[in-house]
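Some notes on the structure that comes next.
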Amino acid sequence: MTDQLAYSDDMLVGLTPEQREAVTSSARRLLVRATAGSGKTHVLTLRIQRRIAVGEIDADQVLAMTFTRRAGDELRRRLFRAGIRDIRAGTFHRAALSLVNQYREDHHLKPLVIESNRRRLVAALAAQLRESGDLRLEDWQLPRLEQEIGWALSQGFNGALYAKSAKKLRRDAPLPPAQFADVLDRYVGLCRSRGVLDFDLLLSEAIALLRDEPNVLASFRHRNKSIYVDETQDMNPLQFMLLRHMAGDDPDLFCVGDPNQSIYGFNGANPQLLSEIIRTWPDTVVLDLTRNHRSTANIIAVANTLLEEGAQGIIPAKDEGDVPMVRNYNTDEQEAEHVATWLSAKHQPGSPWRSMAVLARTNAQLELIASYLEAHGIPYERRGPEHSPASDVLAAPETWRRIDHDHKDAVALSTIHRAKGLEFQHVAAIGWAEGQLPNYNATTGAQLAEEQRLAYVALSRAEDSLLITWSRGRNDPRYPDRAPSRFLAPIEKVIGEIEQRNAPLTGEARKARLAAIRRELEQALDEGNVTL
């Protein structure tokens with residue numbers, strides 16, 4: 001039974017003209033480029049709700065996909081609240097698993113085993129290579145090997161394609177390209193021989209079925225007549241390949257994303273794939289949502305400094321608000337102490353602890369903060385792993401349907417990656433020093449551009465007030481005498497301009513301003529525009 005929803009134009013009340021167009025457009029294919037705080041997920045869910053309500057589609061014909069478990073949970077929560085129950089919504093991996101499992105069930109094949117921890121498979125491969133005498137891999141090499149295997153698979157590469165592309169793409173691989181290519185093929189062979197798929201191989205399996213099995217393709221497209229993709233900027237080439245096979249030449253397709261929030265390069269994500277959507281389906285209508293409804297105008301002015309050259313600026317929907325602050329300290333301890341003091345000052349009626357967050361580039365940076373919050377009696381909550389691309393494929397159905405998440409009244413301690421998609425009244429963004437943000441591992445132009453987008457994500461989480469901090473690390477023997485982040489100079493310039501604009505006039509400037517006002521008033525009186 002499909003969901004039946006009553007439609008009313010009241011659903012569109014409060015939308016901007018751009019949002020309304022995205023919700024109501026009759027275009028068969030839409031790409032919505034939506035800035036932070038522009039309500040992109042709201043627009044996507046409202047479009048689904050409206051189309052079901054007016055009878056354009058049935059809920060059980062809709063497939064809505066995103067990229068992380070948390071984003072999938074949020075998507076389902078919004079749809080459930082709108083009264084939509086029959087929709088299929090979750091990660092790309094969940095959609096792929098459903099397709100693969102259905103095929104295997106139809107052909108009386110046993111289900112494939114999904115291995116969520118690639119490290120275990122890489123360790124087994126390393127042991128196999130040692131035993132055969134072909135290659136000895138040390139334990140310290142395995143994390144880098146695992147990361148590079150994941151990246152290669154996310155690009156849709158086999159060994160031959162990797163060997164051909166690695167040098168051109170300037171991959172800093174743990175092994176020479178030809179040797180790594182052999183290891184990559186052996187890894188895939190090990191998984192196949194064990195009847196195991198990691199998350200990337202799961203996507204590849206679904207692609208192969210859609211490509212090689214006409215009945216699978218026909219059945220999928222009959223069931224999924226309308227496809228929606230949220231957070232499209234997080235898509236990697238393998239996921240795009242799956243989308244292309246799912247959608248075909250004439251899809252009913254709605255994609256929404258923000259290229260300025262593409263921060264998952266380590267998972268192979270590439271913001272250029274937004275343009276690939278247009279190249280693949282040239283008649284796609286492109287809409288831009290540039291109005292930010294989350295942050296004050298002053299926070300947006302600061303965040304705008306981190307947009308890449310040529311990117312469209314964000315338009316604020318709120319008043320100016322507090323001026324963001326940048327503070328530096330000699331030691332990490334001083335930085336942590338001041339952050340705790342700042343949070344305490346913000347804890348007032350209307351600003352509970354859960355309205356605040358401390359955001360850092362890495363989990364390790366949050367350890368010291370946690371200890372200082374404890375010392376100040378400030379409750380805090382650590383927010384999960386940085387990126388769980390497919391954890392919703394392993395959840396039990398009752399867990400998958402638990403859509404309301406209640407966080408206790410506590411300050412959120414989170415990496416920037418984990419905070420994407422969240423918002424807080426008050427945000428302290430810590431560790432804005434060279435080597436921390438941007439991270440010392442970022443060396444190429446593409447990596448540094450992603451670090452800049454990561455910095456943008458951090459600042460655009462804040463609604464009302466923003467504190468940016470960094471420490472010289474004088475007590476840290478590993479990284480003493482840190483320099484301020486390269487991202488800070490334009491931020492401090494904008495803050496200086498805001499403060500100068502807001503400063504009360506004194507001396508000659510005040511006299512000149514009063515004289516100008518007097519002249520304007522006298523002119524208005526002469527012209528009869530003002531009466532006393």
Side-chain angles (χ1 to χ4, degrees), residues 60-67 69 72 86-116 118 121 149-150 152-162 184-229 232 234-253 255 267-268 273 276-277 280-281 389-395 397 400:
D60 59 4
Q61 296 174 328
V62 174
L63 174 64
M65 297 186 294
T66 188
F67 297 88
R69 178 178 184 170
D86 295 339
I87 197 168
R88 290 177 296 284
T91 63
F92 268 66
H93 300 84
R94 172 166 282 278
L97 181 64
S98 175
L99 189 151
V100 170
N101 279 349
Q102 187 63 56
Y103 174 81
R104 297 187 74 82
E105 183 181 320
D106 291 346
H107 291 78
H108 309 292
L109 301 170
K110 66 179 183 180
L112 287 165
V113 176
I114 305 299
E115 174 55 81
S116 62
R118 187 181 277 132
L121 295 170
I149 286 172
L153 293 177
S154 77
Q155 306 303 298
F157 287 169
N158 57 18
L161 278 173
Y162 180 90
L184 178 62
D185 285 340
R186 288 188 182 220
Y187 172 81
V188 175
L190 171 73
C191 293
R192 299 291 183 198
S193 68
R194 293 186 172 196
V196 169
L197 297 179
D198 68 14
F199 289 145
D200 290 311
L201 292 176
L202 171 61
L203 299 183
S204 296
E205 185 75 9
I207 291 167
L209 289 174
L210 292 169
R211 183 188 61 219
D212 302 335
E213 300 285 343
N215 290 340
V216 172
L217 182 61
S219 174
F220 177 87
R221 290 190 183 157
H222 176 73
R223 191 178 182 208
N224 302 282
K225 293 184 177 176
S226 187
I227 298 175
Y228 294 76
V229 183
T232 311
D234 292 339
M235 187 161 52
N236 64 38
L238 187 64
Q239 290 160 337
F240 181 72
M241 201 181 306
L242 177 60
L243 176 63
R244 201 172 60 216
H245 279 88
M246 286 176 163
D249 295 332
D250 184 30
D252 183 321
L253 179 65
C255 297
N267 273 339
L273 289 173
E276 194 65 27
I277 290 171
T280 304
W281 299 286
S391 53
D392 71 341
V393 307
L394 303 175
W400 185 73

Would you give the length of the straight line joining atom CG of Leu253 to atom CG of Leu243, rounded to the nearest 0.5 angstrom? 5.5 Å
Quick one: does Asn158's side chain get under 4.5 Å of Val188's, heavy atoms only? no
His245 and Phe220: side chain to side chain contact (heavy atoms under 4.5 Å, CB included), yes or no, with the steps? CA-CA 10 Å; His245 279 88; Phe220 177 87; over 6 Å; no
Write down the atom of Asp200, the atom of Gly150, and the distance for their closest heavy-atom approach. OD2-O, 3.6 Å
Do Leu121 and Cys191 come close enough that some side-chain heavy atom pair is under 4.5 Å? yes
Separation of Leu209 CG from Leu99 CG (nearest 0.5 Å): 6.0 Å
Closest heavy-atom pair and its distance - Asp185, Ala160: OD2-N, 4.4 Å
Note, Met246 side chain near Asn224 side chain (heavy atom, < 4.5 Å): no
So with a 6.0 Å cut-off around CG of Asp212, is the heavy-atom count from everything else above 12? yes
If you define the side chain from C-beta out and look only at heavy atoms, does anything of Phe67 sit under 4.5 Å from Asn267? no
So Ile277 and Met235, do their side chains get closer than 4.5 Å, heavy atoms only? yes
Where do Ala96 and Ala206 come nearest, in terms of heavy atoms and distance? CB-CB, 3.7 Å
With side chains defined as the heavy atoms from C-beta onward, is the minimum distance between Leu161 and Gln155 less than 4.5 Å? no
When rounded to the nearest 0.5 angstrom, what distance separates CZ in Phe199 from CG in Leu238? 13.5 Å
Close side-chain approach of Leu184 and Leu153, heavy atoms under 4.5 Å: yes
Reported CE-to-CD1 distance for the pair Met65 and Ile227, which is rounded to 0.5 angstrom: 5.5 Å
For the CZ atom of Arg69 and the NE2 atom of His93, what is their distance to the nearest 0.5 Å? 14.0 Å
On a heavy-atom basis, the closest approach of Gly268 and Pro237 is O-CD, 3.3 Å
Nearest 0.5 angstrom please: Asn215 CG to Tyr103 OH, how far? 9.5 Å
Shortest non-hydrogen contact between Pro111 and Asn101, atoms and distance: CB-OD1, 4.5 Å
Below 4.5 Å, heavy atoms only, C-beta onward: do Leu210 and Leu242 meet side chain to side chain? yes
Contact summary for Trp281 and Gly248, nearest pair of heavy atoms: NE1-O, 2.8 Å
